[in-house]
Amino acid sequence: MNLSQLQHSLREKVIETANASFGIELEQIAAEVPPKTELGDLAFPVAFELAKRIKQATGEKKNPREIAENLKSALESFDFIEKVEVAGAGYLNVFYNRASFLSGVPNAEPLPKLKLSRDENSVKVCVEHTSVNPNKAAHIGHIRNSIMGDTFMRILRANGQRVETQNYIDNTGVQVADVVIGFIYVEKLTLAEIVELDKKLLAENKTFDYYCWDLYAKVGQEYQRDEELKAKRAEVLHLVEEGGNETSELADYVVLRNVQSIIATMERLSIRYDLLPRESDILHLHFWKKAFEKMKEIGVIHLEKEGKNAGCWVMPVDSHTGSDEHEADKILVRSNGTVTYTGKDIAYQMWKLGLLGLDFYYELFHTYGDGKEVWATTSEKPEKAARNPAFGSGEKVYNVIDSRQSYPQEVVKKGVSLIAPERGEQASVHLSYEMVALSPAAAEELGFELTEEDRKRPFIEMSGRKGLGVKADDLITRLEANALEEVKKRHADLPEEEQIKTAHIIAVGALRYFLLKFTRNTIIVFDFKEALSFEGETGIFCQYSAVRANSIFRKLQETDLQTATKTVLDETEKVAGVFNSEIGNEIWSLLTLASRLEETVAQAATANEPAILAKYAFNLSKAFNLFYHNHRIVAEENAVKRAVLIIIADAARRALTSALNTMGIEVPERM
RNA sequence: GCUCCCGUAGCUCAGUUGGAUAGAGCGUUCGCCUCCUAAGCGAAAGGUCGCAGGUUCAAAUCCCGCCGGGAGCACCA
């Protein structure tokens with residue numbers, strides 16, 4: 001029996017007993033972890049609730065402690081239970097039998113459900129993340145999106161679901177058009193010349209996406225003083241959308257190179273994709289037309305006859321009240337007959353959920369070093385028979401998009417649920433998160449001049465248009481360099497290749513943890529000092545803790561773990577003695593924390609909150625560091641104590657390693 | 001104007017479906033490497049949980065009203 005099963009049984013028993021003894025039917029009862037180990041392993045504050053319910057039902061006033069005493073005996077009969085105490089005003093505190101619990105630990109897999117992720121029968125869900133406009137390099141804000149999405153994908157997989165990861169490519173948007181305008185009208189380059197430029201940049205060790213970053217900002221400035229240039233946007237945008245012309249060919253190249261860059265950047269952070277859906281294909285394959293027909297058929301949208309929305313197809317959104325400035329209705333088709341972004345998004349969301357009745361064609365986009373493939377959508381049926389896996393049709397779709405998009409996401413969700421009420425609103429999840437902004441100091445460090453007013457602001461929003469932001473590759477490179485310096489200090493004897501590899505793992509751990517430790521609706525005000533810190537609550541702290549744990553087992557004989565397992569199974573009484581000694585509570589608390597991994601991963605999944613897992617990894621690391629500091633396993637002479645310590649250290653390192661892997665953080669050999 | 005988010009230690013943040021003495025990291029002060037890695041460990045100082053009401057045996061958490069900060073509400077994408 002594992003911990004969560006035990007908890008479940010205890011809960012059931014409490015509910016059953018409450019019904020039998022007092023005739024009260026409890027739906028769900030709270031179980032919590034007591035604030036201190038001395039207070040037990042699990043607490044039920046259920047007696048308070050019962051006292052209230054009894055009073056309501058019979059008018060009889062009962063003391064919560066008395067009620068708790070009644071429930072106590074019912075729980076004590078369980079196998080793994082050492083004792084049950086009534087504490088405080090009426091808490092029911094449960095103490096597990098430590099020795100018998102420990103004997104079950106060595107056989108437990110750290111994340112048994114992890115294996116199910118390859119099960120073809122498990123539920124399939126889609127997670128869309130990254131979706132950077134392919135007109136420039138990715139910055140730290142995009143990285144938050146990708147790390148959030150990638151980690152959430154890992155959490156879902158650890159919970160046994162099949163997950164398809166999609167990175168949406170908006171290749172026909174204005175941002176791309178802006179950079180295209182920059183190339184054609186500002187830089188006055190042809191496609192052939194751009195290709196040449198690209199090669200030249202490569203030779204100079206510069207990158208195309210960085211060049212576009214600067215060009216995009218430059219175009220933004222040009223727009224401010226050149227109205228004519230700005231007027232070209234609509235024309236260029238139209239050509240790009242239409243396809244099959246010189247401008248769109250140029251755009252295709254710009255998009256391709258930027259997408260390649262973004263994928264390379266993300267791979268540095270261990271982030272990969274299954275599919276790159278392209279907006280142009282949604283247009284060319286007329287996804288919207290199909291969705292539009294369905295919406296008209298069902299009557300969820302209507303043609304506005306009069307008023308300022310006359311001639312538009314609109315969908316009512318009841319969560320928004322209308323005003324003079326803003327209508328309560330959302331326009332999906334403009335009076336000129338073209339579809340809005342939100343309209344397209346509804347059609348696309350339907351495809352993701354397998355509700356549209358249309359599909360893309362696919363082509364191989366890229367193969368990662370280990371053979372894993374990324375596919376992209378296309379509009380044309382490929383000549384050779386496609387050997388791509390089936391894409392889309394998720395039971396549930398998670399869109400990782402920042403909170404500023406909450407309103408359009410709500411409209412999409414609403415629209416889809418109206419078309420397919422059987423799937424409802426819960427099929428579409430907007431995994432929203434707050435933006436990453438810059439502290440005024442960080443903005444100045446990047447060379448931006450701030451006004452007095454700006455300096456007083458709590459944060460400065462990043463802006464691709466202004467070229468203001470911390471580029472992802474720059475930050476990763478800086479973290480790697482700092483880590484390498486430290487690794488060289490500590491492990492001068494290691495071959496350089498190893499040092500670089502270690503530094504890379506450390507840098508990824510630092511960055512991923514940094515962006516995961518904040519809950520989703522906290523605005524991250526980026527500060528270089530904090531982001532580059534290698535001490536305190538960091539990914540490095542967690543990695544270091546795991547590395548130390550592993551170093552214990554490097555020092556031990558290979559047979560020591562087996563011997564310890566046997567000892568723990570055979571010497572139950574002596575093991576109990578160890579737990580009853582003065583170190584008992586401390587080592588036990590580490591063990592129970594380690595055993596809570598599975599529960600924590602599940603919690604992170606249901607709460608849609610990766611930060612829960614990050615906090616867990618940090619707390620587990622902290623607890624292990626304390627344990628490591630207090631006990632010398634290798635030198636321990638008492639065989640039983642040594643065995644207990646070994647089993648606990650092993651449980652802790654397995655749980656920690658799994659937790660970190662679920663966050664996409666590796667544990668290096670040495671650091 | 002309307003909707004949503006935030007306000008917890010000097011700073012940055014956690015705080016489970018309401019629960020026991022409100023926690024962590026950084027910073028400050030003071031200790032700890034003859035010992036499995038000091039990227040570590042320990043100790044001290046630091047709080048009117050924005051303000052004011054309400055519900056409850058119990059409120060940082062739920063409700064109402066204020067105050068302060070942010071985002072969104074396009075025939076833009």
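Note on naming: letters A, B, ... go to the chains in the order of the sequence lines (proteins, then strands), and numbering restarts at 1 for each one.
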Q: Mind checking A:Y628 for me? I need base, sugar-phosphate or nothing, with any heavy atom below 4.0 Å counting as a touch.
A: base
Q. Which part of the nucleic acid, if any, lies within contact of A:R632, taking any heavy atom under 4.0 Å across all strands shown: a base, the sugar-phosphate backbone alone, or nothing?
A. base
Q. So what does A:V487 touch, heavy atoms closer than 4.0 Å: a base, only the sugar-phosphate, or nothing?
A. base
**Q.** Test item: A:V255 and A:R278 side chains (from C-beta on) under 4.5 Å apart, heavy atoms
**A.** no
**Q.** Atom-pair distance (NZ on A:K456; P on B:rG70), nearest Å
**A.** 14 Å
Q.
Measuring from the side chain of A:S551 (C-beta onward, heavy atoms only), which nucleotide among B:rC41, B:rC36, B:rC13 has the closest atom?
A. B:rC36
Q | Contact nearer the 5' end of RNA chain B, comparing A:M435 with A:E241 | A | A:M435
Q. In whole Å, what is the span from the CD atom of A:Q543 to the C1' atom of B:rA39?
A. 10 Å
Q.
Within the supplied structure, the quantity of interest is the number of heavy atoms (other residues, nucleotides, ligands) at a distance under 6.0 Å from A:R457 CZ; does it exceed 12?
A. no
Q. Is A:D402 paired with A:R144 through a side-chain N to carboxylate O contact shorter than 4.0 Å?
A. no
(Q) Taking the C1' atom in each of B:rC41 and B:rC33, what is the distance between them to the nearest angstrom? (A) 11 Å
(Q) Check the phosphate of B:rA14 against A:T522, side-chain N and O only, distance under 4.0 Å to OP1 or OP2. Yes or no? (A) yes
Q: Could you give the distance separating B:rU55 and B:rG18 at their C1' atoms, to the nearest angstrom?
A: 11 Å
Q) Is there a Watson-Crick or G-U wobble partner for B:rU55 with both distances under 3.5 Å, and if so, which one is it? A) none
Q) Phosphate oxygens OP1/OP2 of B:rC73: is one of them under 4.0 Å from a side-chain N or O of A:K330? A) no
Q: Round to a whole Å and report the spacing from CG of A:L656 to C1' of B:rA39.
A: 15 Å
Q. Can A:Q405 and A:N399 be counted as having a side-chain donor-acceptor contact under 3.5 angstrom?
A. no
Q) Among the nucleotides B:rU37, B:rC41, B:rU16, which one has an atom lying closest to any side-chain atom of A:L626? A) B:rC41
Q: Could you tell me the separation between the CD atom of A:E486 and the C1' atom of B:rA38, rounded to a whole number of Å?
A: 12 Å
(Q) By nearest atom, which of the nucleotides B:rC5, B:rA77, B:rU37 is closest to the A:E434 side chain? (A) B:rC5
Q: May I have the distance from A:I523 (atom CD1) to B:rA71 (atom P), rounded to whole angstrom?
A: 8 Å
Q: Quote, to the nearest angstrom, the C1' distance that separates B:rG19 from B:rA59.
A: 10 Å
Q: Using a cut-off of strictly less than 4.0 Å between a heavy atom of the residue and any atom of RNA chain B, enumerate the qualifying residues of residues 333-341 of chain A by number.
A: A:R334, A:S335, A:Y341
**Q.** Phosphate contact (B:rA39 OP1 or OP2) by A:R490 side-chain N/O below 4.0 Å
**A.** yes
Q. Quick one: which of B:rU12, B:rG70, B:rU37 gets closest to the side chain of A:F518?
A. B:rU12
Q.
Please determine whether a side-chain nitrogen or oxygen atom of A:Y544 lies at a distance below 4.0 Å from atom OP1 or OP2 of B:rA39.
A. yes
**Q.** C1' atoms of B:rG23 and B:rG69, separation to the nearest Å
**A.** 25 Å
Q. Pick one for B:rC33: is it syn, with its angle within 90° of 0, or anti?
A. syn
Q.
Need the pair for B:rA24. Rule: Watson-Crick or G-U wobble, both distances under 3.5 Å, any strand; none if unpaired.
A. B:rU12
(Q) I'd like to check the ring pair (Phe, Tyr, Trp, His ring centres under 6.0 Å) partners of A:F541; sequence neighbours left out, ordered by chain and number. (A) A:F618
Q) Would a 4.5 Å heavy-atom cut-off, applied to side chains only, mark A:L484 and A:Q499 as touching? A) yes
Q: Please determine, for the side chain of A:T519, which listed nucleotide (B:rC36, B:rA14, B:rA71) has the closest atom?
A: B:rA14
Q) When the distance from NE2 of A:H629 to P of B:rA43 is rounded to whole Å, what number comes out? A) 11 Å
Q) Counting just side-chain N and O atoms, does A:N625 come under 4.0 Å of either OP1 or OP2 of B:rC41? A) yes
Q: Answer yes or no: is there an ion pair linking A:E235 with A:K232, defined by an N-O contact shorter than 4.0 Å?
A: no
(Q) Please report the distance separating the P of B:rC13 from the corresponding atom of B:rG50, rounded so that it comes out in whole Å. (A) 15 Å
**Q.** Residue met sooner reading RNA chain B from 5', once A:A89 and A:E609 are mapped to nucleotides
**A.** A:E609
(Q) Say we look at B:rU56 and B:rG10: how far apart would their P atoms be, to the nearest angstrom? (A) 34 Å
Q | Min side-chain heavy-atom separation A:Y341-A:E279 under 4.5 Å | A | yes
Q. When you check the phosphate oxygens OP1 and OP2 of B:rA77, does a side-chain N or O of A:R233 lie under 4.0 Å from one of them?
A. no
Q. Can you check the A:R457 CZ to B:rG69 P distance for me, whole Å?
A. 11 Å
Q) B:rG47 and B:rA22: how far apart are their P atoms, nearest whole angstrom? A) 13 Å
Q | Residue pair A:R596 / A:T600, side-chain donor-acceptor N/O under 3.5 Å | A | no
Q: Please tell me if the side chains of A:R653 and A:I552 come closer than 4.5 Å, counting only heavy atoms from C-beta onward.
A: no
**Q.** A:E666/A:R512 ion pair, N-O < 4.0 Å
**A.** no
Q: Could you check which nucleotide pairs with B:rC49 in any of the strands shown, counting Watson-Crick or G-U wobble with both distances under 3.5 Å?
A: none
Q. Out of B:rG15, B:rC6, B:rU37, which nucleotide sits closest to the side chain of A:N521?
A. B:rC6
Q: Please give the nucleotide sitting opposite B:rA71 as a Watson-Crick or G-U wobble pair, both distances under 3.5 Å, or none.
A: B:rU3
Q: Round to the nearest Å and state the distance from A:Q175 atom CD to B:rA77 atom C1'.
A: 6 Å
Q. So A:F528 and A:F526, would you call those rings parallel, tilted or perpendicular, with 30° and 60° as cut-offs?
A. perpendicular
**Q.** Paired nucleotide for B:rG31 [Watson-Crick or G-U wobble; both distances under 3.5 Å]
**A.** B:rC41
N/O to N/O distances under 3.5 Å, protein versus nucleotides 17-26 of chain B:
residue, atom, partner, partner atom, Å
B:rG19, O2', A:E32, OE2, 3.1
B:rG19, O2', A:Y91, OH, 2.1
B:rA20, N6, A:N93, OD1, 3.0
B:rA20, N1, A:N93, OD1, 3.4
B:rA20, N1, A:N93, ND2, 3.1
B:rG25, O2', A:E537, N, 3.2

Q: Report which part of the nucleic acid A:A310 touches: base, sugar-phosphate, or nothing (heavy-atom distance under 4.0 Å, all strands).
A: base
Q) Can you name the closest pair of heavy atoms from A:K344 and A:W288 and give their distance? A) N-CE3, 4.3 Å
Q.
Given the structure, check if the side chain of A:E530 and the base of B:rU12 hold any donor-acceptor pair shorter than 3.5 Å.
A. no
Q: Would you check if there is a donor-acceptor pair between the side chains of A:E498 and A:H491 at a distance under 3.5 Å?
A: no
Q: Using the P atom on both, measure B:rG46 against B:rC4 and round to a whole Å.
A: 40 Å
**Q.** Counterpart base for B:rC36, defined by Watson-Crick or G-U wobble contacts under 3.5 Å
**A.** none
